[in-house]
A.B. asks: 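Pasting a structure here, questions to come.
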Amino acid sequence: FHDWLRTSLAQNLPYDEMVRGVLTASGDPTFNPAVSWFNQVTKVDEQVEDTAQLFLGVRIQCARCHHHPFEKWSQDDYYGLAAFFSQVGRKPGMNRDEAVIYHKRGNASAKNPNSGANLKPTGLGSEPLDLNPDVDPRHKLVDWMARPDNPFFARSLVNRYWKHFFGRGLVDPEDDMRETNPPTNPALLDALAQDFIKSKFDLKHVIRTICNSKTYQLTANP
């Protein structure tokens, strides 16, 4: 998996394609190393929370049991996101402790344990999706992430890169982006995110943009 990620970065694979490779991975990890992620996060709640924190910069764990105390996310938001992973199937692989991952045909949904409502796949703050049973909902999740109007995906990545080069994100902590934890420079974060989207999620473009900036080239000494 490490080699797969390293090669993807070296080849400058667009970030949305890299994320799609992980979140929609199927098959045996021997032949598709990206499947390794599903062998580390084996439960739906782990997949939901890892996806939100890694790729959206949102800590949604609290909403699994109750309304998020510092954010607008409810249990319906949590289980709407969980529905994208509801049809992930597992069966024994070639090696011990490594499962083969596949898409189970069926209607994607997740049940809110408190209300009993069966929720369709729903991106955070978006409308529920009606999906054909033959469609792997994980692809629709990445489609939503990569939309130009997605408020989380691009902003989360450029914020992480900003932290890498400056030691502190425009939003800090970098995986806790919420209305009650605003960026120190909202205009800069939005501009970097829009530029990242226009570059078609080119990671090396983000690095060049930050490192060529006057801000980065200034001395670190006050």
Side-chain angles (χ1 to χ4, degrees), residues 1-25 33-34 36-37 40-41 48-62 68 70-73 77 81 123-126 139 141-222:
F1 187 36
H2 177 270
D3 288 343
W4 179 84
L5 287 171
R6 189 180 182 89
T7 301
S8 298
L9 289 166
Q11 296 175 346
N12 202 26
L13 184 71
Y15 181 59
D16 60 326
E17 293 183 27
M18 193 185 305
V19 173
R20 187 181 297 275
V22 173
L23 295 184
T24 69
S36 300
W37 184 73
Q40 295 297 318
V41 285
V48 170
E49 294 164 15
D50 220 39
T51 296
Q53 198 159 342
L54 282 172
F55 303 125
L56 303 177
V58 176
R59 299 182 184 182
I60 201 170
Q61 292 90 324
C62 291
H68 197 299
F70 306 118
E71 191 44 288
K72 60 184 178 181
W73 309 125
D77 292 309
L81 201 59
L124 295 178
S126 296
H139 280 284
L141 172 61
V142 182
D143 289 346
W144 167 73
M145 286 182 173
R147 278 170 35 182
D149 62 346
N150 186 291
F152 311 104
F153 188 63
R155 294 171 87 247
S156 174
L157 186 281
V158 297
N159 186 60
R160 284 183 183 276
Y161 269 49
W162 188 271
K163 179 176 181 177
H164 174 77
F165 288 108
F166 289 98
R168 184 181 179 90
L170 294 167
V171 176
D172 193 77
E174 76 278 9
D175 57 2
D176 193 16
M177 303 179 79
R178 48 187 163 83
E179 291 182 4
T180 50
N181 184 31
T184 55
N185 191 328
L188 175 57
L189 182 60
D190 288 341
L192 285 170
Q194 289 304 311
D195 186 56
F196 182 42
I197 293 168
K198 288 178 181 177
S199 75
K200 297 183 179 179
F201 300 103
D202 185 328
L203 293 170
K204 291 186 179 181
H205 174 80
V206 176
I207 295 172
R208 284 193 297 269
T209 300
I210 293 175
C211 291
N212 284 326
S213 70
K214 181 180 178 181
T215 307
Y216 182 71
Q217 294 171 22
L218 291 172
T219 177
N221 297 321

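The first residue of the sequence shown is numbered 1, and numbering continues consecutively from there.
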A.B. asks: Is there a side-chain contact between N181 and P173, using heavy atoms and a 4.5 Å cut-off?
C.D. replies: yes
A.B. asks: Just so I know, are the side chains of V142 and F55 near enough to count as touching, which here means a heavy-atom distance under 4.5 Å?
C.D. replies: no
A.B. asks: Contact between V171 and R155 at the side-chain level, heavy atoms closer than 4.5 Å - yes or no?
C.D. replies: no
A.B. asks: Could you walk me through whether I210 and F166 satisfy the side-chain contact (heavy atoms from CB on, under 4.5 Å) test, starting with their C-alpha distance in whole Å, then the side-chain angles of each, then the deciding distance to 0.1 Å, before giving a yes or no?
C.D. replies: CA-CA 10 Å; I210 293 175; F166 289 98; 3.7 Å; yes
A.B. asks: Decide yes or no for D77 and K72: does some side-chain heavy atom of the first lie under 4.5 Å from some side-chain heavy atom of the second?
C.D. replies: no
A.B. asks: Rounded to the nearest 0.5 Å, how far apart are NE2 of H139 and OG1 of T24?
C.D. replies: 4.0 Å
A.B. asks: Do the side chain of N212 and the main chain of R208 share a donor and acceptor less than 3.5 angstrom apart?
C.D. replies: yes
A.B. asks: Taking C-beta and beyond as the side chain, do Y161 and L203 meet within less than 4.5 Å on heavy atoms?
C.D. replies: yes
A.B. asks: Parallel, tilted or perpendicular: which fits the ring planes of Y216 and F165, with parallel below 30° and perpendicular above 60°?
C.D. replies: perpendicular
A.B. asks: Identify the two heavy atoms, one from M177 and one from S156, that lie closest to each other, and give their separation to 0.1 Å.
C.D. replies: SD-CA, 3.7 Å
A.B. asks: Are more than 12 heavy atoms from other residues, nucleotides or ligands located less than 6.0 Å from atom CD of Q217?
C.D. replies: yes
A.B. asks: Please give me the minimum heavy-atom distance between L81 and V48, naming the atom from each residue.
C.D. replies: CD2-CG1, 3.9 Å
A.B. asks: Which residue is it: R168, H164, K163? I am looking for the one with a side chain to side chain donor-acceptor pair (under 3.5 Å) to E174.
C.D. replies: K163
A.B. asks: Does a side-chain heavy-atom distance below 4.5 Å link N150 with I197?
C.D. replies: no
A.B. asks: Where is the tightest heavy-atom contact between K204 and A10, given as atom of each residue plus distance?
C.D. replies: NZ-O, 3.4 Å
A.B. asks: Please determine whether side-chain contact (heavy atoms from CB on, under 4.5 Å) holds for the pair M145 and L23, giving the CA-CA distance in whole Å, both sets of side-chain angles, and the decisive distance to 0.1 Å.
C.D. replies: CA-CA 11 Å; M145 286 182 173; L23 295 184; 3.7 Å; yes
A.B. asks: Between the side chain of T7 and the main-chain N/O of W4, is any donor-acceptor distance below 3.5 Å?
C.D. replies: no
A.B. asks: Walk me through whether V206 and L192 qualify under side-chain contact (heavy atoms from CB on, under 4.5 Å).
C.D. replies: CA-CA 8 Å; V206 176; L192 285 170; 5.8 Å; no
A.B. asks: Dump the intermediate steps for side-chain contact (heavy atoms from CB on, under 4.5 Å) on D195 and H205, then the final yes or no.
C.D. replies: CA-CA 9 Å; D195 186 56; H205 174 80; 2.7 Å; yes
A.B. asks: Testing the basics here: between A154 and A193, what is the closest heavy-atom pair and its distance to 0.1 Å?
C.D. replies: CB-O, 3.9 Å
A.B. asks: Looking at L189, D172, N159, which one forms a side chain to side chain contact (heavy atoms under 4.5 Å, CB included) with P183?
C.D. replies: L189
A.B. asks: Ignoring hydrogens, what is the shortest heavy-atom contact between V58 and W73? Give both atom names and the distance.
C.D. replies: CG1-NE1, 3.6 Å
A.B. asks: Rounded to the nearest 0.5 Å, how far does CG of L157 lie from CH2 of W162?
C.D. replies: 14.0 Å
A.B. asks: Can the ring centres of F201 and F153 be said to be less than 6.0 Å apart?
C.D. replies: yes
A.B. asks: Measure the CG-CG distance between D202 and N12 for me, rounded to the nearest 0.5 Å.
C.D. replies: 4.5 Å
A.B. asks: If I compare all heavy atoms of I60 with all of A52, which pair ends up nearest, and what's the gap?
C.D. replies: CG2-CB, 3.8 Å
A.B. asks: Is any side-chain heavy atom of D16 closer than 4.5 Å to a side-chain heavy atom of K200?
C.D. replies: no
